[in-house]
Amino acid sequence: MSTVSTVVGGISFWYAQEGTPAPREPLPGDTSVDVCIVGGGYTGLWTAYYLKKAVPFLNITVLEAKFCGYGASGRNGGWLYNGIAGRDRYAKLHGHDAAVRLQRAMNETVGEVVRTAAEEKIDADIHRGGVLEVAHTPAQLARLKDFHSVEIAFGETDRVLRGARETAERVHVTGAVGSTWTPHGARLHPAKMVKGLADAVEALGVTIHESTPVTEIKPKHAVTPYGTVRAPYVLRCTEGFTASLKGQKRTWLPMNSSMIVTEPLPARIWNAIGWEGRETLGDMAHAYFYAQRTADDRIALGGRGYPYRFGSATDNDGRTQPATVTALRDLMVRLFPVTAGVHVDHAWSGVLGVPRDWCATVTLDRSTGLGYAGGYVGSGVATANLAARTLRDLIQQDSGQAGPTDLTTLPWVNHKVRRWEPEPFRWLGVHGMYAAYRAADRRETTSPRPGTDPVAKVADRIAGRH
């Protein structure tokens, strides 16, 4: 038996492999700028990037509590894909055509990130293999077919539906009875992406202050222990860490997600699994997984694990419960039995932002200059880029430098949603919801019926997902 232990925490495997960046200086004191961006993840950095490119004379400062990419941007599963949280609800609120425009913008965003990374010489192990989502049970297969049809109705005419044999020819996932594939997706290395983006932003002349936690955002002010930044525009780009800000405890729920990554796998295992197209891989379970084949031939796989900490607390540097590590490893072996003897090198966790109606949002209040973007519900790698370009256009429109654009008229702009319930109802609700989803998945595994388990449908309604 191997005596090598699994590294747990340490922010993420991506940083264990890449190394944490050299620290940037904290805010030296009170200052005034044109735009203050709170949060040094994908949303904040992309917003700084596009604003500075569009209006080079702007004085822009980014404030980051730890270091750029410390949060979800440096811990995610590396899925650069066209999914966006809330599209179906936006269709109900604004009409099908408006939601189709939003989906097309997301489709194009995948290519925009790939193109910009190449232009800025950011080597983030990007491989555009698309997204493959599989079904394991009759109920999952029925959902997969419905999902496939809905995606086509929203304009994804290049999406492909595959049966069991065709799926196995792409990736040999044990028990897979079908799959759907879209070309609008790519695998990437999250830490390499966010580090390269931060460097590109700094090279443009944007100031980044790290180790500078913002405690309060108010009109024209971002308050920190080191001083206050004053600006006509203050943008909140804090995603899963939003609850740490004064007055924001119930705005977005910090949902926990966990990951494991294996040692590099030998050719004999890859010969059995396939996965030569290096698609990002997921499934149609209620408590779904997400995975990628890394550039150095590991399997990185994630799922919900322990979904939520009481009081909207966030994790400590990615620490992960042993039970979650075991559950993710067991899931990997169920999917790929040939990995039974494989060592798990690293496990970690992070939080993502979940609005009460599960809808991603971009907002700029023209009366106060306060803006925000986020609530991506785990789909932020690409969505953050579209949100950033939308914030750029909203600020240019508000300042009189430009008029409305295709992005400023998308249905997610200035969407309002109610706050989450107070504790203990928040904790009870989230944990009850995921207990219901896991129970539904277990029942569907043994059921020959194609219908979704009724408990999962009730959980969806209570959660506000449908």
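Residues: numbered from 1 along the sequence shown. Not measured: the values here are computed from a predicted model.
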Step by step, work out the side chain to side chain contact (heavy atoms under 4.5 Å, CB included) result for Val377 and Trp252.
-> CA-CA 10 Å; Val377 195; Trp252 289 336; over 6 Å; no
Distance-only polar pair, side chains of [X] and [Y], donor-acceptor under 3.5 Å:
{"X": "Glu133", "Y": "Thr180", "value": "no"}
{"X": "Ser379", "Y": "Tyr81", "value": "yes"}
{"X": "Glu112", "Y": "Thr116", "value": "yes"}
{"X": "His346", "Y": "Gln17", "value": "no"}
{"X": "Thr224", "Y": "Thr212", "value": "no"}

Are [X] and [Y] ion-paired here, with the side-chain N under 4.0 Å from a carboxylate O?
{"X": "Arg24", "Y": "Asp199", "result": "yes"}
{"X": "Glu421", "Y": "Arg250", "result": "no"}
{"X": "Arg278", "Y": "Asp297", "result": "yes"}
{"X": "Lys192", "Y": "Asp123", "result": "no"}
{"X": "Arg115", "Y": "Glu120", "result": "no"}

With distance as the sole test, does Arg319 use its side chain to make a donor-acceptor pair with the main-chain N or O of Trp348 at under 3.5 Å?
-> no
Backbone of Val344 reached by a side-chain donor or acceptor of Thr6 within 3.5 Å | yes
Between Tyr42 and Tyr376, does the ring centre distance come in under 6.0 Å?
-> no
Centroid separation Tyr90 to His415 less than 6.0 Å | yes
Classify the angle between the aromatic ring planes of Phe241 and Tyr70 as parallel (below 30°), tilted (30 to 60°) or perpendicular (above 60°).
-> tilted
Using 30° and 60° as the class limits, which term best fits the ring planes of Tyr50 and Trp46: parallel, tilted or perpendicular?
->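 If you compare the ring of Tyr50 with that of Trp46, the planes turn out parallel.
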To the nearest 0.5 Å, how far apart are [atom1] in [X] and [atom2] in [Y]?
{"X": "Thr238", "Y": "Leu63", "atom1": "OG1", "atom2": "CG", "result": "11.5 Å"}
{"X": "Trp270", "Y": "Glu276", "atom1": "CH2", "atom2": "CD", "result": "10.5 Å"}
{"X": "Met332", "Y": "Thr262", "atom1": "CE", "atom2": "OG1", "result": "6.0 Å"}
{"X": "Leu144", "Y": "Ser179", "atom1": "CG", "atom2": "OG", "result": "7.0 Å"}
{"X": "Arg392", "Y": "Lys52", "atom1": "CZ", "atom2": "NZ", "result": "15.5 Å"}

CD/Glu423: more than 12 non-hydrogen atoms of other groups inside 6.0 Å = yes
Give the minimum heavy-atom separation between [X] and [Y], together with the two atoms involved.
{"X": "Ala382", "Y": "Met106", "value": "CB-CE, 3.9 Å"}
{"X": "Ala191", "Y": "Glu18", "value": "CB-CB, 4.5 Å"}
{"X": "Ala300", "Y": "Thr294", "value": "CB-CG2, 4.2 Å"}

Val38 and Tyr372: CA distance, side-chain angles, deciding distance, side chain to side chain contact (heavy atoms under 4.5 Å, CB included) verdict = CA-CA 9 Å; Val38 180; Tyr372 62 85; over 6 Å; no
So among His127, Arg187, Gln292, Arg170, which one has a side chain to side chain donor-acceptor pair (under 3.5 Å) with Glu279?
-> Arg170
Only one of Asn82, Asp158, Thr109 passes side chain to side chain donor-acceptor pair (under 3.5 Å) with His184, and that residue is Asp158
Intermediate values then yes/no, side chain to side chain contact (heavy atoms under 4.5 Å, CB included), Lys249 and Arg426 | CA-CA 11 Å; Lys249 181 72 75 174; Arg426 210 157 60 240; 4.0 Å; yes
Check step by step if salt bridge (charged side-chain N to carboxylate O under 4.0 Å, His left out) holds for Glu151 and Arg87.
-> CA-CA 11 Å; Glu151 297 307 295; Arg87 185 200 60 194; 2.7 Å; yes
Step by step, would you call Leu253 with Val430 a side chain to side chain contact (heavy atoms under 4.5 Å, CB included)?
-> CA-CA 10 Å; Leu253 185 142; Val430 174; 3.5 Å; yes
